[in-house]
Student: 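Structure below; questions to follow.
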Amino acid sequence: MQAQPQKAIVCGVSWYDQRGETVSAHGTNIIRDGGRYYLFGEYKTDSANVFTGFSCYSSDNLVDWRFESIAFKQQSDGRMGPNRVGERPKVLRCPATGEYVMLMHTDDLRYKDPCTCYATSNTITGPYEFRGPILYKGQPIKRWDIGSFADDDGHAYLLVHHGGIYRLAPDFHSLDSCLMNGLEGAGESPAMMKKDGVYYWMSSHTTSWERNDNMYWTSRSLAGPWEYRGEFCPKGTLTWNSQCSFVLPLENGTFMYMGDRWSFPRQRSAATYVWQPLTVSNGTLSIPEYMEAWSPETMQPVTVKGKKIGKKWQSETVGDSFTVSFKGSRIALYGTTDDQSGYADITIRDKRGREVFRGTVDFYSLVPATGIRFLSPMLPKGKYTLEVRVSEMKPNWTDKRRNQYGSKGHKVEVGDIIIK
């Protein structure tokens, strides 16, 4: 019997659900329930950084994702209404009640009105009902980046940027204690895991949408003391061009790092994910090597197989394009990213010239890198033409102090092309 090809998590490319739509679930977390994985995240747009809803997807293998719902929708007014920011939804199942509780960061568009709020549902896919701010001693938590952590004793915790840890009350509707109200050096996007009695706190530096070398601390108590341990990816890789968001304990006893590769302003079409196995040994946490494709069953690298076409292309001129005709069901593009690169518009047409796919690829990175940049959805086997075009738009943004970040050019550089 011929062995079945391994299902692979392919990092740094867009993923597609059962509808052929881009999986949009950033600032994410996953919980396992009823034998399935449920992925929650920010349902982004390409037009503005405004809250439109929190999405829910499900999978039985961490590779093939099914869109379930917009689990939490934009509200008619208030903190989660129009022209507001909604970020980093974290869903937990309350052991005492069986209810599902979603924590979230709410804010105004200038990030001047931060607040941690919550919503609840009796079903994991929602809809979730907005409950307002989650309170500690009767007061809201006026912070921005949040994370969550469920301990093995049934308690769960809200993590807050710069080192805040609050324990959820037994019904998960409020916070009953503050274990830590600051950790020197800790930045944004907190994530946590626990192994062999050791807690690991992960955090990024504060560099807006830009990637940086994320850090970690360890402790045997959530209340500390915490020991700074440095970076968990090789220094200078900028956490393999990602920002930590969540750590998922896997069924085989290992852990999976879940990071976002943000792309502003094309957050829906061009932002991607970096999920990697974590190496944990004697209190040390690391992702020593980057695997662009790997099997969550074996935790080993997987090669994206197919016929290689020796057509390389590069341009820095907006509007320039090239096309390649192929016969098959899937096409992959490899390329190089750097700080001079921008967006590429991707279009696939069938033999009759009908458009069957349109997407965007981000070729920008502060640290140069070469690897897979685009993997199309599975198409019916046939004849197709793919077009790559240098986009007018490029990844650029400003932080709260109006410092300019992002690409200095529009370059798109394509290397190997693989046809399956």
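What you see below is based on every heavy atom in this structure, not just the backbone, and it leaves out hydrogens, waters and symmetry mates. Quick note: residue numbers are just sequence positions, from 1. Since we're looking at a predicted model, the values are computed, not measured.
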Student: Ring centres under 6.0 Å, that's the criterion: do Trp275 and Trp15 meet it?
Tutor: yes
Student: Looking just at side-chain N and O atoms, do Ser58 and Glu68 make a donor-acceptor pair shorter than 3.5 Å?
Tutor: yes
Student: Ignoring hydrogens, what is the shortest heavy-atom contact between Arg211 and Ser365? Give both atom names and the distance.
Tutor: NH1-CB, 3.7 Å
Student: Between Tyr364 and Tyr405 (judged by ring centroids, cut-off 6.0 Å), do the two rings come close enough to count as a pair?
Tutor: no
Student: Give a yes/no verdict on a cation-pi contact between Arg84 and Phe51, requiring under 6.0 Å between NZ or CZ and the six-membered ring centre and an angle within 45° of the axis.
Tutor: no
Student: Please check if the number of heavy atoms outside Gln314 that lie under 6.0 Å from its CD is greater than 12.
Tutor: yes
Student: Taking the side chain as every heavy atom from C-beta outward, state whether Thr337 and Arg373 have any atom pair closer than 4.5 Å.
Tutor: yes
Student: Give me the atom names and distance for the closest heavy-atom approach of Asp213 to Pro234.
Tutor: OD1-O, 4.0 Å
Student: Could you check whether Gln300 and Trp294, counting side-chain N and O atoms only, form a donor-acceptor pair closer than 3.5 Å?
Tutor: no
Student: Does some side-chain heavy atom of Trp313 sit less than 4.5 Å from a side-chain heavy atom of Asp320?
Tutor: yes
Student: List the steps, then state whether side chain to side chain contact (heavy atoms under 4.5 Å, CB included) holds for Ile309 with Ile331.
Tutor: CA-CA 10 Å; Ile309 297 177; Ile331 186 168; 5.9 Å; no
Student: Would Trp262 and Gln243 count as a side chain to side chain donor-acceptor pair (under 3.5 Å) here? Give the steps.
Tutor: CA-CA 8 Å; Trp262 301 103; Gln243 181 191 40; 2.8 Å; yes
Student: About how many Å separate OG1 of Thr22 and CG of Asp17, when rounded to the nearest 0.5 Å?
Tutor: 8.0 Å
Student: Thinking salt bridges, do Lys44 and Glu42 make one under a 4.0 Å N-O criterion?
Tutor: yes
Student: Counting distance only, does the side-chain N/O of Arg330 pair as donor-acceptor with the main-chain N or O of Lys420 below 3.5 Å?
Tutor: no
Student: Within the supplied structure, the quantity of interest is the number of heavy atoms (other residues, nucleotides, ligands) at a distance under 6.0 Å from Glu289 CD; does it exceed 12?
Tutor: no
Student: Can you tell me how far the CE atom of Met104 sits from the SG atom of Cys115, to the nearest 0.5 Å?
Tutor: 10.5 Å
Student: With distance as the sole criterion, is a donor-acceptor pair present between the side chains of Asn61 and Ser59 under 3.5 Å?
Tutor: yes
Student: Looking only at heavy atoms, which two atoms of Tyr118 and Leu103 are closest? And how far apart?
Tutor: CB-CD2, 4.0 Å
Student: Do Ser221 and Tyr199 meet the criterion of a side-chain donor-acceptor pair at a distance under 3.5 Å?
Tutor: no
Student: Closest approach of Ser204 and Cys244, non-hydrogen atoms and distance?
Tutor: N-SG, 4.1 Å
Student: Kindly indicate, with the supporting measurements, whether the criterion side chain to side chain contact (heavy atoms under 4.5 Å, CB included) is fulfilled by Leu92 and Leu168.
Tutor: CA-CA 11 Å; Leu92 298 155; Leu168 291 161; 3.6 Å; yes
Student: Please report the interatomic distance CG(Leu333) to CD(Glu413), rounded to the nearest 0.5 Å.
Tutor: 12.5 Å
Student: Start with the C-alpha gap between Lys312 and Asp416, add the side-chain angles, then the distance that decides, and say whether salt bridge (Lys or Arg N to Asp or Glu O under 4.0 Å) holds.
Tutor: CA-CA 6 Å; Lys312 303 180 187 299; Asp416 290 334; 3.1 Å; yes
Student: Closer than 4.0 angstrom, basic N to acidic O: yes or no for Arg79 and Asp113?
Tutor: yes
Student: With the threshold set at 4.0 Å, does a side-chain nitrogen-carboxylate oxygen contact exist between Glu387 and Arg389?
Tutor: no
Student: Under a 4.5 Å cut-off applied to non-hydrogen side-chain atoms, are Val274 and Tyr290 in contact?
Tutor: yes
Student: Using the six-membered ring wherever Trp is involved, compare the ring planes of Tyr43 and Phe67 and label them parallel, tilted or perpendicular (cut-offs 30° and 60°).
Tutor: tilted
Student: Start with the C-alpha distance between Glu231 and Asn214, add both sets of side-chain angles, then the distance that settles side chain to side chain contact (heavy atoms under 4.5 Å, CB included), and finish with yes or no.
Tutor: CA-CA 6 Å; Glu231 296 84 15; Asn214 291 188; over 6 Å; no
Student: Just to verify, which of Asp33, Thr120, Thr123 counts as forming a side-chain hydrogen bond (donor to acceptor under 3.5 Å, both in side chains) with Tyr100?
Tutor: Asp33
Student: Which residue, Tyr111, Trp209, Trp397, forms the side-chain hydrogen bond (donor to acceptor under 3.5 Å, both in side chains) with Asn49?
Tutor: Tyr111
Student: Flag the pair Asp64 / Tyr57 as yes when at least one side-chain heavy-atom distance between them is below 4.5 Å, and no otherwise.
Tutor: no
Student: What I want to find out is whether Asp145 reaches Arg88 closely enough, with some N-O distance under 4.0 Å, to be called a salt bridge.
Tutor: yes
Student: Under a 4.0 Å threshold between the charged nitrogen and the carboxylate oxygen, would Asp46 count as salt-bridged to Arg268?
Tutor: no
Student: Looking at every non-hydrogen atom in both residues, tell me the closest pair between Leu183 and Trp201 and how far apart they are.
Tutor: CD2-CD1, 4.1 Å
Student: Determine whether the side chains of Glu87 and Trp144 contain a donor N or O and an acceptor N or O closer than 3.5 Å.
Tutor: no
Student: Mind checking whether Tyr128 and Phe40 have side chains closer than 4.5 Å, heavy atoms only?
Tutor: yes
Student: Just wondering, more than 12 heavy atoms not from Lys308 lying within 6.0 Å of its NZ?
Tutor: no
Student: Roughly how far, to the nearest 0.5 Å, is the CE atom of Met393 from the OG1 atom of Thr360?
Tutor: 9.5 Å
Student: Hey, are His173 and Glu99 close enough side-chain-wise for a donor-acceptor pair under 3.5 Å?
Tutor: yes
Student: Report the C-alpha distance between Asn252 and Thr254 in whole Å, list the side-chain angles of each, state the deciding distance to 0.1 Å, and finish with yes or no for side chain to side chain donor-acceptor pair (under 3.5 Å).
Tutor: CA-CA 6 Å; Asn252 60 10; Thr254 62; 2.5 Å; yes
Student: Tell me which one of Gln340, Lys411, His410, Lys408 satisfies side chain to side chain contact (heavy atoms under 4.5 Å, CB included) with Lys394.
Tutor: His410
Student: Between Asn212 and Thr207, do the side chains contain a donor N or O and an acceptor N or O under 3.5 Å apart?
Tutor: yes
Student: Flag the pair Leu386 / Val388 as yes when at least one side-chain heavy-atom distance between them is below 4.5 Å, and no otherwise.
Tutor: yes
Student: Applying salt bridge (Lys or Arg N to Asp or Glu O under 4.0 Å) to Lys194 and Asp152, what does each step give before you reach the verdict?
Tutor: CA-CA 9 Å; Lys194 180 183 181 182; Asp152 50 20; 3.1 Å; yes
Student: Side chain to side chain contact (heavy atoms under 4.5 Å, CB included), that's the test. Do Met102 and Lys90 meet it? Break it down for me.
Tutor: CA-CA 5 Å; Met102 176 187 288; Lys90 300 292 186 270; over 6 Å; no
Student: How about CZ on Arg19, more than 12 heavy atoms from neighbouring residues, nucleotides or ligands closer than 6.0 Å, or not?
Tutor: yes
Student: Quick one: CD on Gln74 to CE on Met80, what's the gap to the nearest 0.5 Å?
Tutor: 9.0 Å
Student: Looking only at the side chains, is there a donor atom on one of Thr370 and Thr336 sitting less than 3.5 Å from an acceptor on the other?
Tutor: yes
Student: Ignoring hydrogens, what is the shortest heavy-atom contact between Tyr343 and Arg266? Give both atom names and the distance.
Tutor: OH-N, 3.2 Å
Student: Report, as yes or no, whether the 6.0 Å neighbourhood of atom CD on Glu184 holds more than 12 heavy atoms from other residues, nucleotides or ligands.
Tutor: no
Student: If you measure from OH on Tyr216 to SG on Cys233, what distance do you get to the nearest 0.5 Å?
Tutor: 11.0 Å
Student: Within the side chain of Ser245, is there an N or O that forms a donor-acceptor pair under 3.5 Å with the backbone of Thr28?
Tutor: yes
